[in-house]
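Every number for a ligand or one of its atoms is a count from 1 in the order of the listing.
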Amino acid sequence: MEFTELGSTGLKISRLSLGAWQFSEAWGMKDYGLAKSIVAKALEVGINFIDTAMIYGRGMSEDFLGRALQELGVKRDEVVIATKIPGEFLSPEDVPRAIERSLARLRTESIDLLLIHWPPAWHNFPTCTYMRALERAVNVGAVNYLGLSDYPVELAEAARACLAREDLVALQVRFNLAERWAEAEHIPYAEANGLTLMAWSPLGKGALTGKYSLEEAGRLQDVRMNEALFHPKNYSQVLELVNVIREIGNKYGKTPAQVALNWLISYSDVIVPIVGARSPSQVEENVGAVGWRLSFEDWRSLDEASKRLKITYVTW
Ligand SMILES: NC(=O)c1ccc[n+]([C@@H]2O[C@H](COP(=O)([O-])OP(=O)(O)OC[C@H]3O[C@@H](n4cnc5c(N)ncnc54)[C@H](OP(=O)(O)O)[C@@H]3O)[C@@H](O)[C@H]2O)c1
């Protein structure tokens with residue numbers, strides 16, 4: 001495993017993070033035993049950074065993760081837990097309430113990294129009011145570090161300015177070879193400000209592994225039913241990109257998933273892909289994305305092939 005630092009906290013995190021959204025009905029996965037085996041495998045291969053959220057399975061993902069870590073006898077300082085508070089839970093009264101429940105599900109005294117999952121679009125909570133409520137959670141030791149997920153850079157900047165003593169240490173955004181909007185603002189902002197950039201859907205929810213044909217992709221019965229990348233208009237382009245990924249992977253003896261993740265890691269040293277897995281063997285395969293680098297020429301070929309994609313989100 002390769003390691004890096006969470007922001008400039010000095011906290012050592014693995015270069016790949018395990019995503020625990022998979023432990024939820026969104027992915028049709030409610031089997032605790034399977035979740036535990038995935039967590040166990042991640043720890044075994046050196047992953048110490050795990051991402052969950054209060055909303056995943058309405059607490060189920062946090063609960064499975066907390067229970068698994070406890071049953072596996074993982075010491076608290078052996079793992080860095082990131083969880084997320086939804087934008088709807090950001091009134092100053094709800095922030096401590098939500099954190100208390102999260103701590104109980106995670107079976108811990110403190111959350112290593114708490115990110116706001118998305119901006120409070122519906123309730124008009126004032127930015128500085130909720131940011132100060134989060135800072136108080138750090139002051140009292142319930143949370144160690146703060147971050148923002150799915151925030152535009154302008155709003156992240158405004159939120160940051162509300163903090164008196166703390167600073168953000170991480171941003172979380174969608175970033176994968178087929179969906180590269182984070183490049184314009186988020187990645188340079190993270191680089192300039194010493195923030196970790198947690199890249200979600202780094203495999204495009206599995207699309208970039210190339211394991212589904214166009215017909216199979218259309219038959220998926222989970223969260224991907226409504227995912228733009230799996231719409232035939234987009235997915236046919238993704239399959240063309242996967243051909244290039246596979247060809248390059250063959251040179252290195254690497255699978256498409258390993259190549260797609262390596263491309264992200266090579267892009268910037270602030271990027272930490274959060275990879276979801278539905279089995280221990282996927283975790284094992286994904287960890288093969290670290291410990292080597294694509295050549296500049298191959299990295300560029302993928303860059304160019306992926307820039308040919310024109311993904312649309314207008315799918316109906
Ligand atoms: N902040 C946010 O708004 C946000 C949004 C989304 C996700 N996230 C976080 O990011 C994490 C990852 O994102 P994601 O779940 O959307 O997508 P992802 O990591 O791109 O894709 C995960 C899916 O790809 C497939 N897969 C994984 N490894 C594979 C391998 N080696 N070979 C073949 N297939 C493989 C699995 O599905 P199948 O086996 O079923 O194909 C798995 O469920 C989540 O768990 C969550 O923690 C955050």
Side-chain angles (χ1 to χ4, degrees), residues 16-29 34-35 38-39 41-42 45 47 49-57 60-62 64-65 81-87 113-119 121 147-152 156 170-179 181-182 186 196-213 216-217 219-230 235 238 242 245-246 249 254-264 271-290:
L16 278 185
S17 165
L18 175 73
W21 179 27
Q22 273 59 24
F23 311 160
S24 69
E25 61 277 7
W27 286 88
M29 211 186 112
L34 179 58
I38 290 170
V39 172
K41 179 55 77 179
V45 298
I47 293 174
F49 189 30
I50 306 184
D51 179 77
T52 180
M54 298 178 190
I55 198 84
Y56 296 162
M60 193 177 87
S61 169
E62 286 187 333
F64 279 10
L65 176 61
I81 302 172
T83 191
K84 307 191 243 8
I85 181 167
L113 172 63
L114 180 67
L115 304 107
I116 299 179
H117 207 150
W118 55 78
L148 299 174
S149 167
D150 304 325
Y151 265 63
L171 297 179
Q172 192 172 130
V173 286
R174 185 199 296 257
F175 188 50
N176 61 59
L177 261 169
E179 298 168 294
W181 289 103
H186 290 87
T196 295
L197 196 292
M198 301 169 73
W200 61 259
S201 288
L203 295 174
K205 295 192 171 63
L208 292 166
T209 69
K211 73 180 195 210
Y212 299 112
S213 67
E216 286 163 344
R219 285 199 296 270
L220 287 166
Q221 287 299 315
D222 52 32
V223 67
R224 292 172 287 197
M225 284 164 72
N226 300 314
E227 181 67 25
L229 225 45
F230 288 84
Y235 197 71
V238 171
V242 168
I245 299 176
R246 188 173 286 119
K254 294 287 180 184
T255 66
Q258 292 167 338
V259 172
L261 293 172
N262 192 274
W263 188 88
L264 298 182
I271 296 177
V272 173
I274 319 168
V275 203
R278 298 240 279 183
S279 64
S281 63
Q282 286 184 347
V283 176
E284 204 151 15
E285 178 180 336
N286 296 339
V287 83
V290 299

A.B. asks: From the options Glu285, Gln282, Arg278, select the one whose nearest heavy atom is closest to atom 26 (N) of ligand 1.
C.D. replies: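 Selected option, by shortest heavy-atom distance: Gln282.
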
A.B. asks: What atoms in ligand 1 come closer than 4.0 Å to a heavy atom of His117?
C.D. replies: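 Heavy-atom distances to His117 below 4.0 Å select 1 (N), 2 (C), 3 (O).
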
A.B. asks: I need the atoms of ligand 1 closer than 4.0 Å to a non-hydrogen atom of Lys84, numbered in the order shown.
C.D. replies: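 Heavy-atom distances to Lys84 below 4.0 Å select 1 (N).
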
A.B. asks: Taking atom 32 (N) of ligand 1 as the point of reference, which of Leu18, Thr209, Leu148, Thr52 owns the nearest heavy atom?
C.D. replies: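 Closest candidate by heavy-atom distance is Thr209.
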
A.B. asks: Just to be sure I'm reading this right: ignoring hydrogens, which of Ser17, Gly276, Ser201 gets closest to atom 16 (O) of ligand 1? Compare them by their nearest heavy atoms.
C.D. replies: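 Looking at heavy atoms only, the winner is Ser201.
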
A.B. asks: Taking a cutoff of less than 4.0 Å between a non-hydrogen atom of the residue and any ligand atom, is Trp118 in contact with ligand 1?
C.D. replies: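 So Trp118 does not count as touching ligand 1.
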
A.B. asks: Would a distance-only check, ignoring hydrogens and angles, find a side-chain to backbone donor-acceptor pair under 3.5 Å from Glu284 to Ser281?
C.D. replies: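 No; zero donor-acceptor contacts below 3.5 Å.
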
A.B. asks: Looking only at N/O atoms, are Tyr212 and ligand 1 under 3.5 Å apart anywhere?
C.D. replies: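 So ligand 1 has an N or O lying under 3.5 Å from an N or O of Tyr212.
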
A.B. asks: Would you indicate which of Gly288, Gly206, Gly204 comes nearest to atom 24 (O) of ligand 1 when only heavy atoms are counted?
C.D. replies: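 Shortest heavy-atom distance from atom 24 (O) of ligand 1: Gly206.
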
A.B. asks: Looking only at heavy atoms of Arg174, does any of them come nearer than 4.0 Å to an atom of ligand 1?
C.D. replies: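 Contact absent.
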
A.B. asks: What orientation do His117 and Tyr56 show, parallel under 30°, tilted 30 to 60°, or perpendicular over 60°?
C.D. replies: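 Perpendicular: the ring planes of His117 and Tyr56 meet at over 60°.
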
A.B. asks: Got the closest protein heavy atom to atom 10 (O) of ligand 1, with its distance?
C.D. replies: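 Of the protein heavy atoms, Trp200 CB, 3.4 Å lies nearest.
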
A.B. asks: Angle class for the Trp263/Phe175 ring planes (parallel below 30°, perpendicular above 60°, tilted otherwise)?
C.D. replies: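 It falls in the tilted class, 30° to 60°.
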
A.B. asks: What protein heavy atom is closest to atom 21 (O) of ligand 1, reported as residue, atom name and distance in Å?
C.D. replies: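 Its nearest protein heavy-atom neighbour is Lys205 CA, 3.3 Å.
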
A.B. asks: Just to be sure I'm reading this right: ignoring hydrogens, which of Met29, Arg224, Glu284, Lys211 gets closest to atom 40 (O) of ligand 1? Compare them by their nearest heavy atoms.
C.D. replies: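 Minimum heavy-atom distance to atom 40 (O) of ligand 1 goes to Arg224.
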
